[in-house]
Number of protein chains: 2
Amino acid sequence: MVVTLADVAARAGVSASTVSYVISRKRPISPETRERVLRAVAELGYHPNAGARALASQRSNTIALMVPLRSDMYVPVLMEIAMSVATAARAAGQDVLLLTGDEGIQGLRRVVASGLADAVILMDVELDDERIPVLRELAIPAVLIGLPAETEGLTCVDLDFTAAGSVCADHLADLGHRYVALLGADRTVYRRRTGFAARTLDGFTRRALERGVRTVHRSCDGGFSATAATVDEVLEAWPSLSAFVVQNEAVVGPLLHLLAQHRRAVPEDVSVVAICPDQIAVQPQPRITSVPIPAEEMGRRAVRLAMAQLAGKPTSGSTLIRPKLVVRGSSAARARS
Amino acid sequence: MVVTLADVAARAGVSASTVSYVISRKRPISPETRERVLRAVAELGYHPNAGARALASQRSNTIALMVPLRSDMYVPVLMEIAMSVATAARAAGQDVLLLTGDEGIQGLRRVVASGLADAVILMDVELDDERIPVLRELAIPAVLIGLPAETEGLTCVDLDFTAAGSVCADHLADLGHRYVALLGADRTVYRRRTGFAARTLDGFTRRALERGVRTVHRSCDGGFSATAATVDEVLEAWPSLSAFVVQNEAVVGPLLHLLAQHRRAVPEDVSVVAICPDQIAVQPQPRITSVPIPAEEMGRRAVRLAMAQLAGKPTSGSTLIRPKLVVRGSSAARARS
DNA sequence: TTGAAAGCGCTAACAT
DNA sequence: ATGTTAGCGCTTTCAA
């Protein structure tokens, strides 16, 4: 019914192991033999049986990807990371097993113990993620997307949010802004103990201080009315405010409308810089100067690191992707007051 | 190193086959034996090896899910469907293999021939999808999310967009509206030969006709300016227009702003009904009367149908999910003119 | 109600 | 450069 190694071997007039070695390239094969085998493979439409291969080789050639079910992350970014992982994995000859976040610790144990996956990539990692001790215990190749509090012995990938904050501060300082507000993620994000919001704040505040820029920080829920409350309050309290840094996708749109209502032109009166997916940044008019979330790169790197671990190379430590500021129409030199 | 069936058997003082049967429940086992085996399983933390199991049983207990890489679909809905599939699959004891849309036909062949998956669920099915002939040829359990042109012998799941169109027409007719515009998906959607836009139009137009409601239809790109062009044109040409039906997520927000600009109050002057994810519908003020996209249900049903096929039950035919209109604040009786 | 044993299709020593 | 063969860990007849 289904084509097996033996079928290919018979057809090519060689032994099964020769076929296996032609395919795995794990030992030299004469050009003629190789040729004949490959032809047989093609003619018969042979695909190695994954189960048999996994059983014999103790390798599933599969990476498990754990995606959060509910998340404060912007969904399109999660999706882009997941798809990027899938694409990069396939390019590396691996398949991807999709695990939902709520499979949690048990899911990890199961997938590893059953030999379903050789490595694990975890998304939406919290500062004090409960899956981390299990990862250490299982001692399986693993990559975290996001940065937990304690990274000792772990391999992590994330945007360098600290640097992202600094870059935003620098950009606005360069443009002459002296009073800048940072509108951060909403409270649930801070509460859920995801670290990126705090890291951005840190990098931003430090650099602003160095550059002599005064700052306010507000955690800001998404949506029009929540944003309105925060923005009104800040504008009221800080009349000389001339720039906003935003790191909440759901705040960018509302903020622009509010500024329009307040008769503050962007970028003439107020500059806006966001740390957000490009999709969000290029939507409004004017388009927003931003530090994009490198979703595709994060997925790609995670796979690369997982593969390195599978190959026995040590990779532990954090890969913090350097932020790139893309200057668009929403930031400009501070108007002389 | 890893716990095997044999380890469990030894520990429980029974044969390997007995352990296997305890786990698979494929033959009666005495309560005492079962008890001892299960204890051994728990004590040793045994997880059956997936490869060995697949090899011996010819069943991978895995469903392949093909997710489009780029899509005109609204990403959060895709994600919700995918996660719903993953959750439902696990509840049915299956794992999910994530395939990207661009693996295409080859990906399907590979996954099936290698025994990686027992069944396939395809998202983002086009009217004349190239994967369909392959599905027929492979004769593997498969479920399509979306409705192709020719469904003979296929198992499909989708929202009944025809009925969704009708429901919207009815709702507005009931409210006394006589002139209604349908703002449809953007041109790329029609071009990509996805059927849902046409089906909505059909159901809407027919029912409107029956109810004596006059209609205009415009395909409408997302975003503010594209929407503005369309809406301005329609309002200009049809002064007595009193309601909009929208089935493009990216048009809902802009439409509301435009109506405000035109000094048309919603719902006092103009009613708005959308066919869109709830997430979109509940965002604006007023919240939008809508027919939600039942993403979670679609994923769940797809898995259920796939499982039925795996169990040998015939499932071919289309599961068209009945639309439910949720009345919110954006629709009201037509104002007397 | 339980056990013994023959594979499932492949990989990787070990031979030659 | 290629062939032989012993498993990998499980399922499932066939026996008892």
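All of these numbers come straight from a predicted model, not from anything done at the bench. Order of the sequence lines sets the chain letters (A, B, ...), proteins ahead of strands, with each chain counted from 1.
Listed pair A/Ser17 / C/dA12 fails the phosphate criterion, with no side-chain N or O lying under 4.0 Å from OP1 or OP2. OP1 or OP2 of C/dT11 has not a single side-chain nitrogen or oxygen of A/Lys26 nearer than 4.0 Å. Distances shorter than 4.0 Å separate some side-chain N or O of B/Thr18 from OP1 or OP2 on C/dG3. A sub-4.0 Å separation between OP1 or OP2 of C/dT2 and a side-chain N or O of B/Thr33 is present. Contact between the side-chain N/O atoms of B/Tyr46 and the OP1/OP2 oxygens of D/dC10 is found at a separation under 4.0 Å. Residue B/Ser15 has a polar side-chain atom (N or O) positioned under 4.0 Å from OP1 or OP2 of C/dG3.
Between A/Pro48 and A/Arg27, the one whose closest nucleotide on DNA chain C sits nearer the 5' end is A/Pro48. Each of B/Tyr21 and B/Gly51 was matched to the nucleotide of DNA chain D holding its nearest heavy atom; the match closer to the 5' end belongs to B/Gly51.
Look at CG on A/Asp7: it is 8 Å from P on C/dC10, rounded to the nearest Å. In this structure, the CG atom of A/Leu5 is 17 Å from the P atom of D/dT5, given to the nearest Å. Note: CD (B/Gln58) to P (D/dT11) measures 12 Å, nearest angstrom. For B/Leu55 and C/dT11, the CG to C1' distance is 12 Å, given to the nearest whole Å.
Using a 4.0 Å heavy-atom distance criterion, A/Ser57 is classed as a sugar-phosphate-only contact. Among the protein residues, B/Ser24 comes within range of no part of the nucleic acid, since none of its heavy atoms lies under 4.0 Å from any strand. At a threshold of 4.0 angstrom between heavy atoms, the contacts of A/Ile29 are confined to the sugar-phosphate backbone, with no base atom among them.
Residue A/Arg34 places its CZ atom among more than 12 non-hydrogen atoms of other residues, nucleotides or ligands, all under 6.0 Å distant.
The pair A/Glu103-A/Arg110 counts as a salt bridge, with a side-chain nitrogen and a carboxylate oxygen less than 4.0 angstrom apart. At a threshold of 4.0 Å, the pair A/Arg36-A/Glu32 does not count as salt-bridged, since none of the basic side-chain nitrogens sits closer than that to a carboxylate oxygen. Using a 4.0 Å cut-off between a side-chain N of Lys or Arg and a carboxylate O of Asp or Glu, A/Asp118 and A/Arg59 qualify as a salt bridge.
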- Message: Set out, in order, the CA-CA distance, both residues' side-chain angles and the distance that settles side chain to side chain contact (heavy atoms under 4.5 Å, CB included) for B/Asp95 and B/Asn61, then state yes or no.
- Response: CA-CA 6 Å; B/Asp95 273 289; B/Asn61 295 306; over 6 Å; no

